[in-house]
Amino acid sequence: MEKNIIITFPDGNKREYPVNSSGIEIAKSISPSLLKRSIALKVSSELKDLNFTFTKDSDIAFVTNDSEEALKILNHSAAHLLAHAVKNLYPQALFGIGPAIEEGFYYDIDFKLEKNISVDDLEAIEAEMRKIVNAGVVLKKSDYCRAEVLELFKDDLYKIAIIDALEGEEFSVYEQDNFRDLCRGPHLLDTKAIKHFKLLSLAGAYFQGDSNKPMLTRIYGTAFFNEADLTKHLELIEERKKRDHRKLGRELELFMISEFGPGFPFWLPKGMMLRSEIEKYWHEVHNAAGYEMIQTPIMLNQELWEVSGHWENYRENMYTSEIDKHQFVLKPMNCPGGILVYKNGLRSYRDFPLKLAELGLVHRHEASGALAGLFRVRVFTQDDAHIFMTEAMINNEVRELIKLYDKFYAQFNLNFHIELSTRPEKFIGEVSLWDKAEKILAEVCKEAGIKVIVMPGEGAFYGPKLDFKLKDSMNRIWQCGTIQLDMNLPERFDLHYIDETGNRKRPIMIHRALAGSFERFIGILIEHYGGSFPLWMSPIQVCVIPVNLNYHSKYAKIVEKQLIKAKIRTEIDLSEEKLNYKIRRSQTQKIPYSLVLGNNEAENKTVTFRKHGSTEQVTIKLNDFVKMLSKDIKERK
């Protein structure tokens with residue numbers, strides 16, 4: 001008779017179960033409601049299907065449908081459902097990958113058609129998906145060796161390529177009727193729970209992200225456990241379309257892209273004002289934190305990029321030109337220039353921490369198909385800083401950096417979480433130093449009360465890093481800030497400092513970017529605020545509107561002059577348009593304050609203002625209005 005196994009639950013309680021008990025049986029033994037809510041298991045922190053069977057003592061937790069992990073599992077299963085429906089409708093189709101992503105799922109598909117599908121075809125695919133949902137098709141997992149799985153997918157060149165790129169000899173496959181997919185899982189038990197979904201859009205995507213490989217059709221979708229959450233998300237998507245920074249950039253006259261420079265944005269006067277206010281704030285927080293500002297050339301000799309390793313690893317993304325029979329490179333990164341500044345003299349431990357910051361213009365050759373407004377460009381300003389220090393200083397400097405990031409992002413009402421990327425398979429430096437650096441990064445975040453998500457093996461080859469993931473008002477996640485410990489460039493460039501004993505030692509180097517790319521960061525802010533910027537950063541802060549040009553223009557000009565004198569960015573509308581049109585235009589341009597001036601205002605030296613987005617009208621003395629705005633601007637409210 002087989003001995004029972006012991007299952008330990010998150011609260012520390014233990015129970016005995018027969019060998020080969022499944023997660024379904026264990027959940028049912030606790031309560032029917034738990035079974036109803038559970039869709040997967042965590043076995044020693046590893047996600048498993050709910051019907052996973054236990055052969056030994058284990059720690060387990062149930063993944064219920066109200067957790068973030070459950071939503072990812074649902075969307076991963078929805079991706080398989082999509083592919084299953086496509087297989088039914090287009091038997092000749094071949095399949096790439098179909099993962100869950102931040103807010104849904106996608107699947108890359110080669111439809112093998114002379115004319116590719118369009119968004120009009122998504123409705124028919126959705127209808128087929130619903131048939132499969134109603135049928136309650138079971139998802140069955142099976143394990144195969146390499147030879148078996150290659151035979152199983154012998155007619156699908158994409159799956160064969162994926163298998164060839166994977167290590168190991170054991171592979172799992174999920175089957176649902178006539179569709180099968182190479183997949184680690186976990187998944188739902190059947191398709192019944194995938195009731196609330198929507199296919200959203202189409203895009204092209206190169207197989208394995210390689211432009212030399214076939215272009216596949218990527219279908220995006222999203223799924224939720226209830227109709228209300230799906231409806232809310234679809235409404236959010238519609239709101240995001242209204243806030244598209246490319247659309248608002250045109251309407252608010254912030255920036256433009258010319259056919260003469262794809263990927264090279266032009267800043268228009270209002271956009272330049274917006275940008276300069278953000279840069280001003282950036283300089284303030286860095287000056288207060290002890291940074292020294294530098295500027296390095298945008299073009300430097302190829303030999304420098306050979307030393308840094310960029311020429312070998314990043315050459316296809318770099319612009320080059322010949323000068324005096326030598327090859328020069330438009331810099332894709334600021335780091336080598338910052339290092340040359342460091343090497344411009346003998347450094348002592350007394351100089352540390354040495355914080356060199358730069359708003360550096362960089363150029364990177366991006367594929368034309370990847371360009372997207374300010375989010376993906378070929379020239380951008382990277383707000384880099386390079387901090388040189390002793391090993392003993394790492395803990396304190398990372399702590400100060402997190403405070404700096406927190407302050408900067410809070411000014412824009414942006415929340416964030418941090419991901420810690422640890423040592424990859426291929427790395428340089430000593431394992432002990434990596435372990436120490438990773439421990440320091442994790443401990444500093446813990447001390448700051450910030451939860452860190454560990455991304456095993458995702459660090460750069462030259463050091464571990466912290467990535468700051470921002471969440472905007474539309475619940476989207478953006479990768480912006482980063483803190484990277486570098487064990488590579490100090491070695492490559494033979495950097496030294498003189499320590500307390502007079503000996504030469506290698507400094508520790510931190511790369512950090514706060515906004516990341518100013519262009520991209522401003523694109524994020526445009527959508528985050530929907531173009532309705534806080535007063536302090538708004539390109540135009542006040543619009544002055546006389547009720548009647550013949551009678552009220554003189555006072556309107558007096559008001560305009562006083563506002564400008566107080567350094568409040570003001571425009572006056574002296575057009576022949578009707579009053580209501582002028583007010584509506586000011587609101588459409590999202591100007592924070594619209595002043596309507598008539599007889600009462602002129603006689604009493606007052607202004608009647610309306611805030612953007614409000615219908616309430618407030619009348620106060622002109623001097624009080626100027627003081628109120630000046631205070632709000634100074635405090636960056």
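One-based numbering along the sequence shown.
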Quick one, Val542 with Leu595, criterion side-chain contact (heavy atoms from CB on, under 4.5 Å). Give me CA distance, side-chain angles, the key distance, then yes/no.
CA-CA 7 Å; Val542 178; Leu595 304 188; 3.6 Å; yes
Can you check whether His552's main-chain N or O pairs, donor with acceptor, with Lys557's side chain at less than 3.5 Å?
no
How about Ile558 and Lys605: do any of their side-chain heavy atoms sit closer than 4.5 Å?
no
Is the backbone of Asn226 close enough, under 3.5 Å, to the side chain of Asp229 for a donor and an acceptor to pair up by distance?
no
Please determine which of Val547, Thr608, Val607 meets the side-chain contact (heavy atoms from CB on, under 4.5 Å) test together with Leu597.
Val607
Grab the two heavy atoms, one from Leu574 and one from Pro546, that are nearest each other, plus how far apart they are.
CD2-CG, 3.9 Å
Dump the intermediate steps for side chain to side chain donor-acceptor pair (under 3.5 Å) on Asp66 and Thr64, then the final yes or no.
CA-CA 6 Å; Asp66 55 356; Thr64 55; 2.5 Å; yes
Quick one: which residue pairs count as a salt bridge (charged side-chain N to carboxylate O under 4.0 Å, His left out) with a foot in residues 284-298, not counting sequence neighbours?
Glu284-Arg636
Where at least one partner belongs to residues 577-600, residue pairs that pass salt bridge (charged side-chain N to carboxylate O under 4.0 Å, His left out), sequence neighbours excluded
Asp573-Arg585
Taking Lys446 first and then Glu443, would you say they form a salt bridge - that is, a charged N and a carboxylate O separated by under 4.0 Å?
no
Does the side chain of Asn623 come under 3.5 Å of the side chain of Gln562 through a donor N or O and an acceptor N or O?
yes
Arg569 side-chain N/O to Ser538 backbone N/O, donor-acceptor pair under 3.5 Å
yes
Could you measure the distance from the CG atom of Asn317 to the CZ atom of Arg378? Nearest 0.5 Å is fine.
10.5 Å
Ser67 side-chain N/O to Ala70 backbone N/O, donor-acceptor pair under 3.5 Å:
yes
Is it true that a side-chain atom of His286 and a backbone atom of Ala357 form a donor plus acceptor pair closer than 3.5 Å?
no
When the aromatic ring centroids of Tyr281 and Phe408 are compared, is their separation below 6.0 Å?
yes
Please collect all side chain to side chain donor-acceptor pair (under 3.5 Å) contacts where either partner lies in residues 355-364, sequence neighbours excluded, each pair once.
Thr296-Glu358, Lys331-Glu358
Rounded to the nearest 0.5 Å, how far does CD of Glu279 lie from CG of Asp383?
9.5 Å
Of all the heavy-atom pairs spanning Leu71 and Ala223, show the shortest one and how long it is.
CD1-O, 3.6 Å
Is the distance between the ring centroids of Phe412 and Phe521 under 6.0 Å?
yes
So, does Glu601 use its side chain to make a donor-acceptor pair with the main chain of Ile620 at under 3.5 Å?
no
With a 6.0 Å cut-off on the ring centroids, do His196 and Phe225 count as close?
no
Suppose we call two aromatic rings close when their centres sit under 6.0 Å apart. Are Tyr291 and Trp282 close by that rule?
no
Rounded to the nearest 0.5 Å, what's the gap from CZ on Arg243 to OG on Ser532? Could you check?
8.5 Å
Please report the shortest heavy-atom distance between Gly531 and Leu248, naming the atom on each side.
N-CD1, 3.7 Å
Side chains of Thr381 and Arg275, donor plus acceptor under 3.5 Å:
yes
Begin from the C-alpha positions of His233 and Phe224 and carry the test ring pair (Phe, Tyr, Trp, His ring centres under 6.0 Å) through to its verdict.
CA-CA 9 Å; His233 183 71; Phe224 289 87; 5.3 Å; yes
Of Leu199, Ile101, Leu202, which meets side-chain contact (heavy atoms from CB on, under 4.5 Å) against Tyr220?
Ile101
When you check the gap from the basic side-chain N to the acidic O, do Lys241 and Glu238 get nearer than 4.0 Å?
yes
Could you give the distance from CD1 (Ile572) to CD1 (Ile564), rounded to the nearest 0.5 Å?
8.5 Å
May I have all residue pairs that pass side chain to side chain donor-acceptor pair (under 3.5 Å) and include part of residues 69-78, sequence neighbours excluded?
Lys42-Glu69, Ser77-His187
Note: Ile298 and Leu361 closest approach over all heavy atoms is CG2-O, 3.6 Å
Can you give me the closest heavy-atom contact between Thr615 and Arg610, atom names plus distance?
O-NE, 4.1 Å
Rounded to the nearest 0.5 Å, what separation is found between the CD1 atom of Ile510 and the CE atom of Met393?
11.5 Å
Does the distance from a Lys or Arg side-chain N to an Asp or Glu carboxylate O, for Asp467 and Lys465, drop under 4.0 Å?
yes
Side chains of Asp472 and Trp478: any donor to acceptor distance under 3.5 Å?
yes
Taking Tyr405 for its side chain and Thr482 for its backbone only, find out whether a donor-acceptor pair lies under 3.5 Å.
yes
Glu527 and side chain to side chain donor-acceptor pair (under 3.5 Å): which single residue from Arg246, Lys247, Arg240, Arg476 fits?
Arg476
Go through Met272 and Leu254 one step at a time and tell me if the side-chain contact (heavy atoms from CB on, under 4.5 Å) criterion holds.
CA-CA 7 Å; Met272 199 62 201; Leu254 300 175; over 6 Å; no
Qualifying residue for side-chain contact (heavy atoms from CB on, under 4.5 Å) with Asp384, from Leu359, Leu514, Asn334:
Asn334
May I ask you to decide if Lys611's main-chain N or O and Ser614's side chain share a donor-acceptor pair within less than 3.5 Å?
no
Counterpart residues, ring pair (Phe, Tyr, Trp, His ring centres under 6.0 Å), relative to Tyr593 (two or more places apart)
Phe609, Phe625
What residue pairs, at least two apart or across chains, pass salt bridge (charged side-chain N to carboxylate O under 4.0 Å, His left out) with a residue in residues 404-414?
none
Side chains of Asn395 and Arg399: does their closest heavy-atom pair fall under 4.5 Å?
yes
Parallel, tilted or perpendicular: which one describes the rings of Phe264 and Tyr319, with boundaries at 30° and 60°?
tilted
Between the main-chain N or O of Ile117 and the side-chain N or O of Asp121, is there a donor-acceptor pair closer than 3.5 Å?
no
Run the ring pair (Phe, Tyr, Trp, His ring centres under 6.0 Å) test on Phe375 and His245 for me, step by step, so that the C-alpha distance in whole Å, both residues' side-chain angles and the decisive distance to 0.1 Å come before the verdict.
CA-CA 9 Å; Phe375 288 162; His245 77 284; 4.1 Å; yes
Closest approach of Val133 to Phe197 (non-hydrogen atoms, all atoms of both residues)
CG2-CE2, 4.2 Å
Between Gln589 and Gln587, is a side-chain contact (heavy atoms from CB on, under 4.5 Å) present by the stated rule, with each step listed?
CA-CA 5 Å; Gln589 285 294 300; Gln587 293 284 303; over 6 Å; no
Is Glu397 reaching over with its side chain to a backbone N or O of Ile394, donor-acceptor style, under 3.5 angstrom?
no
Straight-line distance of His612 NE2 to Cys543 SG, nearest 0.5 Å
13.0 Å
